[in-house]
Amino acid sequence: MTRTDPTRQSSPEQKKNTLSAEEQKKQSEFQQEAVVHLNALYNYALHLTMNPDDANDLVQETYLKAYKFFSSFERGTNCKAWLFKILKNNYINRFRKNSREPGKVDYDLIKDFYHTIKDTRRDSSETETDYFHTLLHEEVYTALQSLPEEFREVIQLCDIEGFTYEEIANMVESPIGTVRSRLYRGRKLLREQLEGYAKKFGFNTETGR
Amino acid sequence: MNCKTARVLMSAAVDGELTGKEEEGLRLHLSQCSDCRMEYEEAKKTKMIVKEKIVRFKAPQSLVDSIMDLSFTSEKEEQNTLVSE
Ligand SMILES: [Zn+2]
C-alpha cells in the first residue's frame, strides 16, 4: 500500500498542508496507536447509540478529533482509553439530548437492532463456555442493555473492553471507588437477569449444571 | 472477614483490582468458606459470560476506509486516490 500517488507529487512548498516529516511521523504513529482500535470504538459506539449510522458518525468524529489533538495524547498511556473518552464526550454532546429516558428500556428496539445487525456484520471470533451454554447472545445483550446506564457502562468498559478501574474512572469522570461499587451492583443485577434466562432452560445456577 | 464483605470484594477480585491486603483477606476467607468459594466461581463466570457472549461487530469497510483516509487528510487534499492495491 502506498500513500503517495506518483503521478501527482506535490512539492513541499506548494501547499501549506503538504506533509512535513513531522506530519508523516504523526500519521504513521496515529495509524499504529489509534486506528488499530477502530473495531472496539465502533462496538462501543453501537452500544451507546444502538444505531449503525449514528455509530458511524460518532466514530468518524472521534477519529477526526483524535487526529487533530493527537499531540495531546500522552505517549505510553492507553490510547484506546483516550479514544474511548473522546468518543464518550462526543456522544454526550451530540446524542444524549435525544436519547431514551434513563430506566426506560425499549426491548423491542433492542431486539430489532440486534437482529438487523447480527447476521450482517458478526465477528467470527467466538468461543463457547460450558456454563450458561444455552444462554443466547441476544439474551446476554438484552440483559446488559436493560441495566441502568451507569451500571451497563462500567460493565461494558471493564468486561468487554478490558479497561482498568483507573482508566474507567477517568472515562466516566468518577472516583475509582464509585467504579468499583457500580461494577459490584451492576453485576448483581445482571446476574439476576441471566439466572432468569438460565432457569428458563432448566439450569441449576447454584451448581453450574 | 465475614461473608458479606467477601462478596462485595469478589467483584473487584475477578478484575484483579483488589489491594494486597484485601486480596489476602479474601483468600483467607475463601479458604474457610465453601459458600463463598462457590459464589466466587459464579462471579468469575458472570464476567466471562459478558465477555464471550456479547457479539462483536466488525466496523463496516466504508468506515474503515474513511478512517484510513482521515489520517492522510492533509495529503489527500492534493490527491484523488489514497491507495493503490
Ligand atoms: Zn463466606
Side-chain angles (χ1 to χ4, degrees), chain A residues 1-5 8 10 14-15 17-19 23 27 30-31 34-35 38-39 41-43 46 52 56 59-60 63-64 67 114 117-118 121-123 125-129 131-132 135-137 139-141 144 155-156 158-160 164-165 180 183-184 187-188 190-191 194 205-208, chain B residues 4-19 22 26 34-85:
Chain A
M1 191 161 114
T2 58
R3 297 201 324 225
T4 41
D5 181 344
R8 295 201 59 188
S10 47
Q14 198 178 328
K15 281 264 164 181
N17 56 8
T18 298
L19 292 186
E23 189 73 8
Q27 285 187 349
F30 189 73
Q31 295 278 327
V35 178
L38 178 56
N39 268 330
L41 279 163
Y42 179 68
N43 276 274
L46 271 179
N56 241 293
V59 171
Q60 287 221 28
Y63 272 103
L64 201 65
Y67 188 69
Y114 192 86
I117 198 155
K118 184 169 67 167
R121 285 201 289 275
R122 181 156 171 176
D123 204 324
S125 58
E126 172 193 320
T127 52
E128 293 287 348
T129 49
Y131 187 68
F132 273 111
L135 271 179
L136 303 174
H137 298 283
E139 289 170 332
V140 180
Y141 185 82
L144 187 63
I155 291 177
Q156 223 168 279
C158 181
D159 293 351
I160 304 177
T164 65
Y165 284 12
R180 189 166 155 156
L183 276 166
Y184 168 70
R187 281 167 173 163
K188 221 170 145 181
L190 184 67
R191 229 177 95 184
L194 293 177
T205 53
E206 295 300 305
T207 59
Chain B
K4 201 176 163 213
T5 312
R7 293 193 182 198
V8 175
L9 289 182
M10 281 174 196
S11 169
V14 299
D15 300 324
E17 294 270 3
L18 291 184
T19 65
E22 288 168 333
L26 179 64
S34 63
D35 279 357
C36 281
R37 272 203 299 278
M38 213 132 88
E39 187 66 22
Y40 187 48
E41 290 309 307
E42 294 298 309
K44 286 196 266 191
K45 276 170 196 159
T46 307
K47 183 181 170 90
M48 200 150 69
I49 286 162
V50 173
K51 201 171 169 178
E52 297 191 352
K53 288 282 183 176
I54 293 293
V55 173
R56 305 284 287 171
F57 300 105
K58 284 203 173 101
Q61 193 56 42
S62 57
L63 178 62
V64 178
D65 290 344
S66 77
I67 301 300
M68 296 298 281
D69 272 14
L70 190 71
S71 57
F72 300 124
T73 299
S74 42
E75 185 176 28
K76 268 215 68 176
E77 292 191 357
E78 280 299 289
Q79 298 168 357
N80 303 325
T81 51
L82 168 70
V83 184
S84 45
E85 277 166 318

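Every chain is numbered from 1, with letters handed out A, B, ... down the list of sequences.
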Can you confirm whether B/T46 sits close enough to A/K188 that some side-chain heavy atom of one is under 4.5 Å from a side-chain heavy atom of the other?
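Result no, sub-4.5 Å side-chain heavy-atom pair not found.
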Atom pair [atom1]/[atom2] of [X] and [Y] - distance to nearest 0.5 Å:
X      : Y     : atom1 : atom2 : result
A/Y165 : B/D15 : OH    : CG    : 3.5 Å
A/L46  : B/R56 : CG    : CZ    : 10.0 Å
A/Y67  : B/I67 : OH    : CD1   : 13.0 Å
A/L194 : B/K53 : CG    : NZ    : 10.5 Å

Would you tabulate the side-chain donor-acceptor contacts of residues 5-13 of chain B under 3.5 Å, counting partners in other chains and residues two or more places apart, or write 'none'?
residue	atom	partner	partner atom	Å
B/T5	OG1	B/N2	OD1	2.6
B/S11	OG	A/R187	NH1	2.8

Using a 3.5 Å distance criterion without hydrogens, assess whether the side chain of [X] forms a donor-acceptor pair with backbone atoms of [Y].
X      : Y     : value
A/N39  : B/K58 : no
A/Q60  : B/S66 : no
A/H137 : B/I54 : no

Please look at A/D159 and chain B and tell me whether the side chain, the backbone, both or neither of the residue comes under 4.5 angstrom of a heavy atom of that chain.
both
Chain A contact via B/V64 - side chain, backbone, both or neither, heavy atoms under 4.5 Å:
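Both parts, backbone and side chain.
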Measure across B/A43 and A/R191 and return the closest heavy-atom pair with its distance rounded to 0.1 Å.
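Taking every non-hydrogen atom into account, N-NH1, 4.2 Å.
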Based on non-hydrogen pairs under 4.5 Å, which of A/N56, A/L183, A/L41 is most in contact with chain B?
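Top option by heavy-atom pairs under 4.5 Å: A/N56.
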Specify which of A/L144, A/V59, A/T164, A/I155 makes the most heavy-atom pairs with chain B at under 4.5 Å.
A/V59
With chain A, which of B/K51, B/E39, B/E17 has the greatest number of heavy-atom pairs at distances under 4.5 Å?
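Counting heavy-atom pairs under 4.5 Å, the top option is B/E17.
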